[in-house]
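Since the model is a prediction, treat every value here as computed from it, not as a measurement. Letters A, B, ... mirror the listed sequences (proteins, then strands); counts begin at 1.
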There are 2 protein chains.
Amino acid sequence: MVTKSTPDRGDAFDPDCPTRVVLDRIGDKWTVLVIGALQDGPLRFSVLRVRVGGVAAKVLTQTLRAMERDGLLTRTVHAQVPPRVDYELTDLGASLTGPIQTLTDWAETHLSQILGARETYDAALDPPLDAR
Amino acid sequence: MVTKSTPDRGDAFDPDCPTRVVLDRIGDKWTVLVIGALQDGPLRFSVLRVRVGGVAAKVLTQTLRAMERDGLLTRTVHAQVPPRVDYELTDLGASLTGPIQTLTDWAETHLSQILGARETYDAALDPPLDAR
DNA sequence: CGGCATCCTCTGGGATACTG
DNA sequence: CAGTATCCCAGAGGATGCCG
């Protein structure tokens with residue numbers, strides 16, 4: 001391994017930092033959605049695609065591969081005439097639902113404050129000249 | 001306002017969705033770092049810049065503006081000869097430290113599993129031909 | 001010192017078409 | 001049906017330079 005730089009107080013300029021690793025994953029557009037879709041059990045690719053919303057197949061594949069690589073879900077290929085691939089959360093993946101839920105709860109609870117703040121902020125800028 | 005589409009079960013194809021709003025914010029490269037840096041009290045721009053790590057001034061400004069707009073922090077300009085601008089978390093911003101901490105804790109706890117999964121996954125692909 | 005303007009690069013996300 | 005290969009675009013992130 002390369003020389004581990006200063007882990008500091010646990011922050012994230014360093015891609016090796018745990019925070020960074022997780023943040024990169026949940027920061028992307030689809031991972032959280034996929035976890036949500038798989039919470040109730042395994043789903044095959046096509047069903048997942050619909051459940052998640054209009055994701056391009058390529059992008060969904062990318063997302064699933066990354067999650068599989070990180071051990072968040074398993075990919076099971078069934079040797080059938082029409083190929084069938086099932087995706088299922090691992091225990092690790094399922095354990096992420098907790099923290100995500102915490103975040104979601106915060107989001108729902110404070111959304112009005114955020115949107116309110118935006119309106120106030122924007123209102124102070126939109127009419128920069130007079131009209132006040 | 002535009003017609004509010006189906007809020008569904010609280011998910012995020014819709015930019016209006018609370019989850020999306022928050023996820024977009026914490027997903028970006030610096031917001032979480034800024035919150036961490038400001039946890040112990042207000043800091044002026046230049047100090048913040050150093051604390052956070054090698055962020056480009058432009059990018060830090062962008063991040064701070066977005067956070068200010070969302071009501072996560074306040075921006076105070078002191079009318080001095082050498083300009084001095086202080087940034088401080090609002091109660092709303094401070095309340096985000098909780099959920100973030102939850103995520104950070106999860107990250108630190110499960111990092112080894114993730115990295116282990118990656119090694120296993122990559123090892124199965126790197127030598128695609130023989131050598132096994 | 002803080003921050004805006006400009007320019008540039010890199011990559012996440014996506015549409016399309018083709019293969020096993 | 002699942003996945004790959006191409007091509008493409010927009011935007012985040014960043015380097016540099018100038019201004020109040």
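Two end axes, each from the C1' atoms of five base pairs, can be drawn for the helix from C/dC1-D/dG20 to C/dG20-D/dC1; they diverge by 40°, to 10 degrees.
Counting only distance, with no hydrogens or angles, the side chain of A/Thr104 and the backbone of B/Thr19 share no donor-acceptor pair below 3.5 Å. The backbone N or O of B/Val55 sits less than 3.5 Å from a side-chain atom of B/Arg49, completing a donor-acceptor pair.
Against DNA chain D, the stretch residues 57-77 of chain A makes heavy-atom approaches under 4.0 Å through A/Lys58, A/Thr61, A/Arg65, A/Arg75. Looking at residues 78-86 of chain B, you'll see B/Pro83 sit with a heavy atom under 4.0 Å from some atom of DNA chain D.
Straight-line distance from the CG atom of B/Asp24 to the C1' atom of D/dG11: 12 Å, rounded to whole Å.
Every residue two or more places apart in sequence or in another chain that forms a side-chain hydrogen bond (donor to acceptor under 3.5 Å, both in side chains) with A/Asp28 is listed here: A/Thr31. Checked against side-chain hydrogen bond (donor to acceptor under 3.5 Å, both in side chains), B/Ser95 has the following partners two or more places apart in sequence or in another chain: A/Trp106.
Taking every nucleotide of DNA chain C with any atom under 4.0 Å from a non-hydrogen atom of chain B, the first and last of them, 5' to 3', are C/dC1 to C/dT6.
Both A/Val47 and B/Gly27 lie near DNA chain D, and the one whose nearest nucleotide falls closer to the 5' end is A/Val47. Along DNA chain C, the nucleotide closest to A/Asp28 and the one closest to B/Ser46 are compared, and the more 5′ of them pairs with B/Ser46.
The shortest side-chain heavy-atom distance between A/Trp30 and A/Val52 falls under the 4.5 Å cut-off.
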